[in-house]
Amino acid sequence: MKETAHLVHDYLRSSKRFPHIWCAGCGIGIFMQALIRVIDREGYSKDDIVLISGIGCSGRLPVYVDFNTLHTTHGRALTFATGIKLANPRLKVITVMGDGDAVAIGGNHFIHAARRNIEITSFILNNNVYGMTGGQSSPTTPPGAVTASSPYGNLEPDFDICRLAEAAGAVFVARSTVYHTRLLERVIGMALNKKGFAAVEVVSQCTTYAGHFLKLKSPVEMMKWQKDNSIPIDKAKDMSDAELEGKIVIGVLVDRERPNFHEQYQRLLAEKSKV
Ligand SMILES: Cc1ncc(C[n+]2csc(CCOP(=O)(O)OP(=O)(O)O)c2C)c(N)n1
Ligand code: SF4
């Protein structure tokens with residue numbers, strides 16, 4: 001097997017796209033490498049994949065990798081992904097979104113993609129902040145955090161992306177951090193193989209902005225924080241809500257079956273074309 005550096009290099013676009021825009025120590029690159037490793041291991045060809053993003057630091061990911069890619073508008077990755085999957089169900093359609101992209105401006109599309117159960121593998125890189133625009137509060141910023149848009153402390157409660165995905169109907173829901181790379185690769189693989197809407201929350205460090213309000217001074221401290229605060233789902237099941245306060249529950253949270261939208265849509269098209 002190729003070393004990670006060589007393998008990843010084979011999947012990156014050369015020349016003009018680099019240097020990338022990510023800050024040193026940002027977690028997005030760790031996720032990108034894990035995604036590439038799993039795609040390679042699972043044997044997809046580059047042409048099988050369509051990787052779609054909205055806007056944000058996380059949204060830059062498709063710019064760097066050599067798949068079919070779309071860098072769309074803020075919050076709209078899932079709308080483009082839905083159209084592509086309906087038009088060409090053979091393709092493996094993947095979205096990469098920031099927390100703001102997926103569940104603030106794109107929240108409506110997120111819940112309806114889950115409700116429809118269209119086969120899209122969606123990765124939500126949750127760094128608890130709007131990174132690209134300078135560190136404003138997002139729906140996953142902790143209450144009390146001092147951010148660019150909440151200088152006296154964030155008044156809003158944060159919400160749980162995985163619970164939202166589950167309640168909206170996603171058939172596969174998992175969470176990992178970028179610290180837990182083996183788990184991350186396992187859930188990426190499972191999500192890619194799921195025949196329905198899969199949501200994977202990837203807790204990732206924004207060292208430049210979230211590090212400040214989490215009072216963590218370096219990428220290393222932030223990853224140690226991910227390690228020390230994560231609880232595997234099997235253990236979490238025996239813990240109370242109070243005990244889980246401030247913890248990151250990791251692992252496969254939902255894995256269930258439900259009719260998927262694009263297969264029903266293809267059947268309908270076939271039936272109607274006979275009439
Ligand atoms: C319609 C629209 N509104 C606002 C923006 C400005 N904008 C660009 S990225 C972004 C937030 C990015 O945060 P997130 O989605 O969490 O991704 P991150 O940068 O943290 O990876 C915003 C508000 C935009 N580009 N388009
Ligand atoms: S601003 Fe934050 S999320 Fe964006 S590249 Fe820098 S560290 Fe990463």
Side-chain angles (χ1 to χ4, degrees), residues 12 17-35 51-65 69-81 94-111 113 122-143 145-150 154 156-162 164-165 175-179 184 199-226 248:
L12 295 182
R17 304 290 174 197
F18 290 88
H20 61 72
I21 64 157
W22 297 321
C23 311
C26 176
I28 301 170
I30 301 176
F31 166 74
M32 182 181 76
Q33 294 197 35
L35 180 67
L51 189 61
I52 304 158
S53 71
I55 300 292
C57 298
S58 324
R60 285 291 290 188
L61 198 156
V63 174
Y64 304 126
V65 288
T69 56
L70 279 183
H71 189 197
T72 72
T73 49
H74 195 28
R76 299 297 182 269
L78 286 167
T79 57
F80 285 83
I94 306 172
T95 58
V96 178
M97 302 170 282
D99 41 290
D101 205 26
V103 294
I105 193 168
N108 190 21
H109 301 293
F110 185 70
I111 57 176
S122 63
F123 296 105
I124 306 98
L125 288 163
N126 181 7
N127 55 17
N128 309 101
V129 75
Y130 287 179
M132 177 163 266
T133 41
Q136 296 83 3
S137 307
S138 85
T140 59
T141 301
V146 173
T147 72
S149 56
S150 56
N154 180 26
E156 300 180 18
D158 52 337
F159 72 15
D160 182 322
I161 294 174
C162 289
L164 179 70
R175 183 187 289 114
S176 178
T177 75
V178 293
Y179 171 83
L184 182 60
V200 177
E201 179 185 340
V202 182
V203 175
S204 172
Q205 69 275 11
C206 171
T207 52
T208 303
Y209 297 113
H212 170 69
F213 62 71
L214 292 171
K215 301 189 173 47
L216 299 164
K217 293 195 192 79
S218 69
V220 174
E221 276 190 28
M222 293 195 82
M223 291 187 77
K224 190 168 178 312
W225 177 84
Q226 292 169 14
I248 308 166

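Whatever order the structure lists ligands and atoms in, that order sets their numbers, starting from 1. Note that the numbering runs from 1 along the sequence shown for the chain. Because the structure is a prediction, the values reported are computed rather than measured.
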Spatial distance of atom OG (Ser204) from atom CZ (Phe123) [nearest 0.5 Å]: 13.5 Å
Atom pair CD1/CE of Ile30 and Met223 - distance to nearest 0.5 Å: 3.5 Å
Ring pair (Phe, Tyr, Trp, His ring centres under 6.0 Å) against Trp225, all qualifying residues, sequence neighbours excluded: none
[X] side-chain N/O to [Y] backbone N/O, donor-acceptor pair under 3.5 Å:
X      : Y      : result
Thr207 : Pro219 : no
Ser150 : Gln136 : no
Glu221 : Leu216 : no
Thr141 : Asn128 : yes

Minimum-distance pair of heavy atoms, taken over all atoms of Phe213 and Pro142: CE1-CD, 3.7 Å
Show me the short polar-atom pairs for ligand 1: any N or O of it lying under 3.5 Å from a protein N or O, with distances only.
residue  : atom   : partner : partner atom : Å
ligand 1 : 15 (O) : Gly100  : N            : 3.4
ligand 1 : 15 (O) : Asp101  : N            : 2.7
ligand 1 : 16 (O) : Asp99   : N            : 3.4
ligand 1 : 16 (O) : Gly100  : N            : 2.9
ligand 1 : 16 (O) : Val129  : O            : 3.2
ligand 1 : 19 (O) : Cys57   : N            : 2.8
ligand 1 : 19 (O) : Gly131  : N            : 3.4
ligand 1 : 19 (O) : Met132  : N            : 2.9
ligand 1 : 20 (O) : Asn127  : OD1          : 3.4
ligand 1 : 20 (O) : Asn127  : ND2          : 3.0
ligand 1 : 20 (O) : Val129  : O            : 3.1
ligand 1 : 20 (O) : Gly131  : N            : 2.8
ligand 1 : 21 (O) : Cys57   : N            : 3.4
ligand 1 : 21 (O) : Ser58   : N            : 2.9
ligand 1 : 21 (O) : Ser58   : OG           : 2.5

Parallel, tilted or perpendicular: ring planes of Tyr64 versus Phe18, cut at 30 and 60 degrees: tilted
Atom indices of ligand 2 within 4.0 angstrom of Tyr209 heavy atoms, with elements: 1 (S)
Atom 8 (Fe) of ligand 2 - number of protein N/O/S atoms closer than 2.8 Å: 1
I'd like a table of donor-acceptor pairs (distance under 3.5 Å, sequence neighbours excluded) in which one partner is a side-chain atom from residues 94-105, with atom names and distances.
residue : atom : partner : partner atom : Å
Asp99   : OD1  : Asn127  : N            : 3.1
Asp99   : OD2  : Val129  : N            : 3.3
Asp99   : OD2  : Ser138  : OG           : 2.5
Asp99   : OD2  : Thr140  : OG1          : 3.1
Asp101  : OD1  : His74   : ND1          : 2.9
Asp101  : OD1  : Gly75   : N            : 2.5
Asp101  : OD2  : Gly54   : N            : 3.3

